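Here is the naming used below: chain letters follow the sequence lines, and residue numbers restart at 1 for every chain. Since the model is a prediction, treat every value here as computed from it, not as a measurement. Values below: every heavy atom of this structure, side chains too, minus hydrogens, waters and symmetry copies.
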2 protein chains.
Amino acid sequence: MISKKCKYALKALIYLAKNQERPTPIFSSEIAEQERIPKKFLETILRELRNAQILHSSRGKTGGYKLNKAADQILLTDLIRIIDGPIAMLPCVSLNYYATCPECDESSCTIKGVFEKVRDETLAIFGSTSIKSLL
Amino acid sequence: MISKKCKYALKALIYLAKNQERPTPIFSSEIAEQERIPKKFLETILRELRNAQILHSSRGKTGGYKLNKAADQILLTDLIRIIDGPIAMLPCVSLNYYATCPECDESSCTIKGVFEKVRDETLAIFGSTSIKSLL
DNA sequence: TCAATTCCTATAAAGTTTATAGGAATTATT
DNA sequence: AATAATTCCTATAAACTTTATAGGAATTGA
């Protein structure tokens with residue numbers, strides 16, 4: 001399952017992509033209202049997306065958020081990794097968040113294989129799905 | 001990510017499958033020691049697997065556990081659903097644990113599709129992977 | 001009767017997710 | 001210069017989930 005946070009992030013990105021043509025940046029408060037996301041929680045999400053270069057933000061009274069890339073350049077793999085972390089279902093098969101299984105001899109492990117297959121199929125799908133394709 | 005519990009369950013099933021030819025059932029204490037799983041925690045896991053008809057148990061001094069099906073009839077889809085619940089990454093695309101998204105109009109939802117694809121690919125892999133194939 | 005097991009329920013401990021609080025820094029406008 | 005509205009930041013609370021343990025009841029073969 002993806003987290004609620006990740007779903008909020010996705011909704012926010014889609015909202016920003018839909019309103020990409022506006023001349024001024026978009027307030028987090030507007031997104032929060034329209035998408036029914038808790039305002040303060042959304043702020044921390046948007047900040048994470050900005051830290052990851054997905055969004056551009058500006059401050060002050062006329063501040064707000066904008067996409068920092070074309071909507072077809074923002075992939076679900078990016079989003080999920082930023083917000084939820086690993087996409088793989090086992091730490092030891094994660095490409096971006098690899099970790100050894102504490103009590104598991106990896107060379108003789110018989111279960112890795114199937115989880116690598118799932119990871120690859122999942123990455124293929126999320127990696128070829130952009131925010132633009134979800135409008 | 002699958003839970004630690006689910007990984008424990010998988011290890012236990014593989015252990016039981018490996019020792020399927022033994023005349024007597026296998027103690028949870030033996031599995032716990034061999035696979036380094038907390039004993040009491042393992043007991044609750046094995047009970048869940050028994051409740052789901054995956055295992056057969058017998059009580060008393062010579063009691064223990066055995067597979068209740070051929071190892072090639074126990075699929076990863078079964079295991080994961082019993083222990084962790086839904087395989088899908090969104091409640092609204094789960095086949096076995098469907099739930100509506102609270103604030104989401106499902107008919108106009110644009111994100112379901114990609115998660116259905118991931119679900120289908122994942123089910124195809126886990127659904128064609130048996131405990132036997134992991135020995 | 002004993003010893004060892006499975007079985008059951010409750011609960012503790014630890015960790016994660018979700019959300020809020022309170023304000024600092026910034027910036028256009030008045 | 002003051003104001004008002006924003007983003008930004010850190011800390012923490014609240015809720016929930018996962019992981020693990022405790023304490024024994026029921027069962028069964030010897």
So, the side chain of [X] versus the backbone of [Y]: is there a donor-acceptor pair under 3.5 Å, distance only?
X: A/Ser94; Y: A/Pro91; value: no
X: B/Ser133; Y: B/Ser130; value: yes
X: A/Tyr97; Y: A/Arg81; value: yes
X: B/Thr110; Y: A/Leu134; value: yes
X: B/Arg119; Y: B/Val93; value: yes
X: A/Lys66; Y: A/Arg22; value: yes
X: A/Asn19; Y: A/Tyr15; value: yes

What is the distance, to the nearest angstrom, from the [atom1] atom on [X] to the [atom2] atom on [N]?
X: A/Ile31; N: D/dT6; atom1: CD1; atom2: P; value: 12 Å
X: A/His56; N: D/dC8; atom1: NE2; atom2: C1'; value: 14 Å
X: A/Ile45; N: D/dT7; atom1: CD1; atom2: C1'; value: 15 Å
X: A/Asn68; N: D/dT7; atom1: CG; atom2: P; value: 16 Å
X: A/Leu46; N: D/dT6; atom1: CG; atom2: P; value: 14 Å
X: B/Asn51; N: C/dT9; atom1: CG; atom2: P; value: 10 Å
X: A/Glu30; N: D/dA5; atom1: CD; atom2: C1'; value: 15 Å
X: A/Glu48; N: C/dT17; atom1: CD; atom2: P; value: 11 Å

Those residues of residues 20-28 of chain A lying under 4.0 Å from DNA chain D by at least one heavy atom: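 DNA chain D contact set from residues 20-28 of chain A: A/Phe27, A/Ser28.
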Derivation of the side-chain contact (heavy atoms from CB on, under 4.5 Å) call for A/Leu10 and A/Ile80: CA-CA 9 Å; A/Leu10 183 50; A/Ile80 294 173; over 6 Å; no
Which atom pairs link the protein and nucleotides 25-30 of chain D when you take only N or O atoms and keep those under 3.5 Å?
unit_1	atom_1	unit_2	atom_2	d
D/dA26	N3	B/Arg59	NH2	3.1
D/dT27	O2	B/Gly60	N	3.3
D/dT28	O2	B/Lys61	N	3.2

Electrostatic pair A/Lys117-A/Glu121, nearest N-O below 4.0 angstrom: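 A salt bridge is absent here (no side-chain N lies under 4.0 Å from a carboxylate O).
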Salt bridge present between A/Lys18 and A/Glu35 (N-O < 4.0 angstrom):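 Salt bridge absent between A/Lys18 and A/Glu35.
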First encountered from the 5' end of DNA chain C, between A/Glu43 and B/Gly64: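 Going by which nucleotide is closer to the 5' end, it is B/Gly64.
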More than 12 heavy atoms from other groups under 6.0 Å of NZ on B/Lys69: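 More than 12 within 6.0 Å, yes.
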Letter per nucleotide, 5' to 3', of nucleotides 13-21 of chain D [B base touched, S only sugar-phosphate touched, - untouched; heavy atoms, 4.0 Å]: ------SBB
Distance test, side-chain N/O of A/Arg50 to OP1/OP2 of D/dC8, below 4.0 Å: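 A/Arg50 to D/dC8 OP1/OP2: side-chain N or O found under 4.0 Å.
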